[in-house]
There are 2 protein chains.
Amino acid sequence: MTQSPWQPISPPKPPRPAKAPLTRERIVDAAMRLLVDHGYDAVSMRKVAQELGTGQASLYAHVANKSELDQLLVNRAAEQMEFPAEPDPERWQEQLKDCMREMLRVMRANPGVARAAIGQVPLGEQALLSTEKFLAILKAGNLPDQAAAWAVDLIPLYVTAVSFEETVQSASAWTPADLEGYVGRMRSYFEGLPADRFPLTLALAGALTSGSGGDERFEFGISVITAGLASLAEKP
Amino acid sequence: MTQSPWQPISPPKPPRPAKAPLTRERIVDAAMRLLVDHGYDAVSMRKVAQELGTGQASLYAHVANKSELDQLLVNRAAEQMEFPAEPDPERWQEQLKDCMREMLRVMRANPGVARAAIGQVPLGEQALLSTEKFLAILKAGNLPDQAAAWAVDLIPLYVTAVSFEETVQSASAWTPADLEGYVGRMRSYFEGLPADRFPLTLALAGALTSGSGGDERFEFGISVITAGLASLAEKP
DNA sequence: TCGAGCGTAGAACGGTGTTCGTTAACGAAC
DNA sequence: GTTCGTTAACGAACACCGTTCTACGCTCGA
């Protein structure tokens, strides 16, 4: 009993409940729940700590900073990616496209992960495994080393950017009707431009605003990239 | 004299200095100065207001929110882009690459503008004029309408992403020596991976980390995109 | 049994975007 | 010429953010 009796009312000392110990794993779990349920902006150190019933300072004993937590989230999402068993030189282009589709699928399944991934070199184990897989397919396609290396930089760049654009648009829970209205307003905007200075934008207003919500635009992008890469393949 | 003499000391009423009136133009000017001099993170409503010698609330009379200010910055930067006079069907691929290089040049000249542009559909007048120019070149290359439309979505996506990556790396004023050290550490990291699970990453460690600072990687990207687009050209 | 060390966490710091309510300036109308 | 109404300006505040400081309990080794 070191407490002096005349001290100001000692706080009712909330008995520290015997909780499950905090771990990196549990922190990433909680952050991932927030990310999937409420988007990237909901993943703050405060909210994650609150989700775990603790204080934000406690997180810093297990995670260096927010940026590292973002990387861990990206890596966690990368675990969900599934790849073809064996790279096939006969079908490498189709396999490459499949992998990009898979990458987008995972990013869509974890909305906000693109926001966390953007501008970061993915260095986690699972993320690197996906890089390894991409490299295998590209080498099966007979691409020069340097081309393959730069391609595994280009590919996530594109997929991440597409997914990020989608999450920005679908922020604040847009309904399909909202999206349709938005696209319609955008087309009207294009169509209202002065014809003398924007002839092509005006003529292509329909094409410019088509495929905003679906997969066609993404399919176009991965076709362009795949075709471009194929043109660099060595043919010995 | 409606002021009662016995009222609490009225504040010494600082005479509002007769300033130049606040306008959108002046706000964007100040924001652009901050962007170029101190990067995107320095462009906050507070700092912009401070730069103009006013309060942040005053900005909201001229600019809806931070997001709109970002769009205005992107548009301001787009004014600096210079395009070839006439799209030439014989040289459209080279012209397209030149335009992408020009786009990156402007983004590098205005560090942080990529951060402001990312995930936003550029709808400002100058930004749309650049879209128009891109469309003209793509149509000179005989691309189908839909392909051209999706291409003008793909192209800024890529250039912006590359520029954004650069600004992230060059944040907090990295010297070239810092960058070299960073790249070196990354290569060491790759080379230290277990050979059984990361054989290709390990073998290509050099290629994966090469060209991080220069233009080669960007040149690779625009070559891939241009070649991919060329493969879609109609040949009547 | 007693420290030492470590994980925990409350409070605070300095920053952000945005909004509220008041104040000053100016042009129009009486 | 004086009042009125509108509007821009702006200080203060709100609700957040990432991060750090510091003190407190608990556990474990000596």
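A note on names: the letters A, B, ... follow the listed sequences, proteins ahead of strands, and every chain is numbered from 1.
- Checked for salt-bridge contact, A:R101 and A:D98 meet the test: a charged N lies under 4.0 Å from a carboxylate O.
- Two residues are said to be in side-chain contact when any heavy atoms from C-beta on lie closer than 4.5 Å; A:F218 and B:W150 fail this criterion.
- Contact annotation: B:S58 reaches the phosphate of D:dC10 (side-chain N/O to OP1 or OP2, under 4.0 Å).
- Rounding to whole angstrom units, CD of residue B:Q50 and C1' of C:dG17 are separated by 16 Å.
- For the pair A:H38 NE2 and D:dC16 P, the computed distance is 14 Å after rounding to whole Å.
- One can place CG of B:L34 at 15 Å from C1' of C:dT16, the figure rounded to the nearest angstrom.
- Here B:K47 reaches the OP1 or OP2 of C:dT16: one of its side-chain N or O atoms lies under 4.0 Å away.
- One finds a salt bridge joining A:E68 and A:R24 here, because a Lys/Arg side-chain nitrogen approaches an Asp/Glu carboxylate oxygen to under 4.0 Å.
- Here A:L154 contributes atom CG and A:F134 contributes atom CZ; the two are 10.5 Å apart, rounded to the nearest 0.5 Å.
- For B:Q50, the CD atom is loosely surrounded, since the number of other residues' heavy atoms within 6.0 Å does not exceed 12.
- In the region residues 61-73 of chain B, proximity to DNA chain C at under 4.0 angstrom, judged on heavy atoms, holds for B:N65, B:K66.
- In this structure, B:Y60 atom OH and C:dT18 atom C1' are separated by 5 Å, rounded to whole Å.
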Side-chain polar contacts of residues 108-115 of chain B - donor-acceptor pairs under 3.5 angstrom, sequence neighbours left out - could you list them?
from, atom 1, to, atom 2, distance (Å)
B:R108, NE, B:E166, OE1, 3.0
B:R108, NH1, B:D215, OD1, 2.9
B:R108, NH2, B:E166, OE2, 2.8
B:R108, NH2, B:D215, OD1, 2.9

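- Atoms CE and CG, from A:M32 and A:L72 in turn, are 11.0 Å apart once rounded to the nearest 0.5 Å.
- Among the heavy atoms of the strands lying under 4.0 Å from A:S44 are primed sugar atoms or P, OP1, OP2 only; no base atom is included.
- The distance from atom CE of A:M45 to atom C1' of C:dG15 is 16 Å, rounded to the nearest whole Å.
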Contact list (N/O, under 3.5 angstrom) for nucleotides 13-15 of chain D vs protein:
none

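- Between the CG atom of B:L52 and the C1' atom of D:dC10 there is a distance of 13 Å, given to the nearest Å.
- Taking atom CD1 of B:I27 as the reference point, atom P of D:dA8 lies 12 Å away to the nearest angstrom.
- Put simply, CD on B:Q80 and CD on B:E102 are 9.5 Å apart, with the number rounded to the nearest 0.5 Å.
- Shown here, C:dC30 forms a base pair with D:dG1; the pair counts as Watson-Crick or G-U wobble because both key distances fall under 3.5 Å.
- Taking the side chain as every heavy atom from C-beta outward, A:M81 and A:F83 approach each other to under 4.5 Å.
- Look at CZ on B:R24: it is 13 Å from P on D:dA8, rounded to the nearest Å.
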